[in-house]
Amino acid sequence: QVQLVESGGGLVQPGGSLRLSCAASGTISTINVMGWYRQAPGKERELVARIISGSDEDYADSVKGRFTISRDNRKNTVDLQMNSLKPEDTAVYYCHADVKYYWWSPAYVDHWGQGTLVTVSS
């Protein structure tokens, strides 16, 4: 019922920048939280940044000051601007949204994108 489509991953040198974008489509009444998670090889998935509908932002300590999340509630999109990238930022980045399908839906449902690979290497 809901699809999250990510774009913007790729290969970048240390110190470089990338911008990830995610668009949610389908049966959507309300999205509460939209954000980005990442999973590096051999590690668990971790929160990178998220933004709540009221525009409250939350960042992992490791990316504070380097990454900026932004959201367009009318378009159901969320972007992640990543600056000063480091090799340790290499991971598959996943878009996440918790969605109410209809205004009368009792709860939000988690949805994930397919992931986009970010590789930081010289």
Side-chain angles (χ1 to χ4, degrees):
Q1 289 182 292
V2 173
Q3 298 80 38
L4 302 181
V5 179
E6 302 131 332
S7 61
L11 173 64
V12 64
Q13 293 187 342
S17 298
L18 279 177
R19 187 176 183 88
L20 304 183
S21 296
C22 173
S25 62
T27 305
I28 298 171
S29 173
T30 309
I31 298 177
N32 183 29
V33 182
M34 291 191 82
W36 292 91
Y37 288 71
R38 68 186 180 188
Q39 187 166 18
K43 295 188 177 181
E44 294 185 354
R45 190 174 296 189
E46 63 176 2
L47 172 69
V48 178
R50 62 186 177 184
I51 186 166
I52 302 171
S53 59
S55 76
D56 290 336
E57 300 174 6
D58 187 20
Y59 293 91
D61 288 342
S62 60
V63 307
K64 284 180 181 177
R66 300 188 298 123
F67 292 9
T68 302
I69 191 169
S70 59
R71 176 175 170 177
D72 187 327
N73 290 328
R74 290 179 299 176
K75 296 181 179 178
N76 291 329
T77 59
V78 63
D79 291 347
L80 185 69
Q81 178 65 41
M82 304 185 294
N83 298 328
S84 303
L85 282 160
K86 305 175 180 179
E88 51 263 43
D89 294 317
T90 296
V92 177
Y93 284 69
Y94 296 91
C95 179
H96 167 263
D98 59 347
V99 178
K100 269 192 179 181
Y101 302 135
Y102 307 100
W103 64 267
W104 63 85
S105 297
Y108 290 93
V109 179
D110 286 334
H111 290 276
W112 296 90
Q114 79 284 358
T116 184
L117 178 62
V118 172
T119 303
V120 184
S121 175
S122 55

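Residue indices begin at 1 and follow the sequence shown.
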Let me have the donor-acceptor pairs involving side chains of residues 19-29, under 3.5 Å, with sequence neighbours excluded, atom names and distances please.
from  : atom 1 : to     : atom 2 : distance (Å)
Arg19 : NH1    : Gln81  : OE1    : 3.0
Arg19 : NH2    : Asp79  : OD2    : 3.3
Ser21 : OG     : Asp79  : OD1    : 3.1
Ser29 : OG     : Trp103 : N      : 3.4

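- How far CD1 of Ile51 is from CZ of Arg71: 6.5 Å, rounded to the nearest 0.5 Å.
- For the pair Pro14 and Ser122, the tightest heavy-atom approach, listed with the atom from each and the gap, is CD-N, 3.7 Å.
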Q: Report the C-alpha separation of Thr116 and Ser7 in whole Å, then their side-chain angles, then the decisive distance to 0.1 Å, and conclude whether the side-chain contact (heavy atoms from CB on, under 4.5 Å) test is met.
A: CA-CA 7 Å; Thr116 184; Ser7 61; over 6 Å; no
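- Donor-acceptor pairing under 3.5 Å is recorded for the side chains of Asn83 and Ser17.
- In the hydrophobic clustering of ILVMFWY residues, with side-chain heavy atoms under 4.5 Å counting as a link, Val92 and Leu80 come out apart.
- The closest side-chain heavy-atom distance from Tyr59 to Ile69 is below 4.5 Å.
- Nearest heavy-atom pair, Ala97 versus Ile31, reported as atom, atom and distance to 0.1 Å: CB-CG2, 4.0 Å.
- Atom CG of residue Asp98 and atom NZ of residue Lys100 lie 10.5 Å apart, to the nearest 0.5 angstrom.
- The distance from the CG atom of Leu47 to the OH atom of Tyr94 is 15.0 Å, given to the nearest 0.5 Å.
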Q) Between Glu88 and Thr90, is a side-chain contact (heavy atoms from CB on, under 4.5 Å) present by the stated rule, with each step listed? A) CA-CA 5 Å; Glu88 51 263 43; Thr90 296; over 6 Å; no
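- The distance from the CD atom of Glu57 to the OG1 atom of Thr68 is 7.5 Å, given to the nearest 0.5 Å.
- Residues Val109 and Val2 share a single hydrophobic cluster, defined by chaining ILVMFWY side chains whose heavy atoms lie under 4.5 Å apart.
- Listed by first then second residue, pairs satisfying side chain to side chain donor-acceptor pair (under 3.5 Å) with a partner in residues 104-115 read Glu6-Gln114, His96-Asp110, Tyr101-His111, not counting sequence neighbours.
- Residues Leu4 and Cys95 share a closest heavy-atom pair of CD1-O, 3.7 Å.
- Annotation for Met82 and Val118: closest pair CE-CG2, 3.9 Å, computed over non-hydrogen atoms.
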Q: Take Ile52 and Asn32, measure what side-chain contact (heavy atoms from CB on, under 4.5 Å) needs, and give me the verdict at the end.
A: CA-CA 6 Å; Ile52 302 171; Asn32 183 29; 3.8 Å; yes
Between side-chain atoms of residues 36-46 and protein atoms elsewhere (two or more places apart, or another chain), which donor-acceptor pairs fall under 3.5 Å?
from  : atom 1 : to    : atom 2 : distance (Å)
Arg38 : NE     : Glu46 : OE2    : 2.8
Arg38 : NH1    : Asp89 : OD1    : 2.9
Arg38 : NH1    : Tyr93 : OH     : 2.9
Arg38 : NH2    : Glu46 : OE2    : 3.3
Arg38 : NH2    : Ser62 : OG     : 3.4
Gln39 : NE2    : Lys43 : O      : 3.1

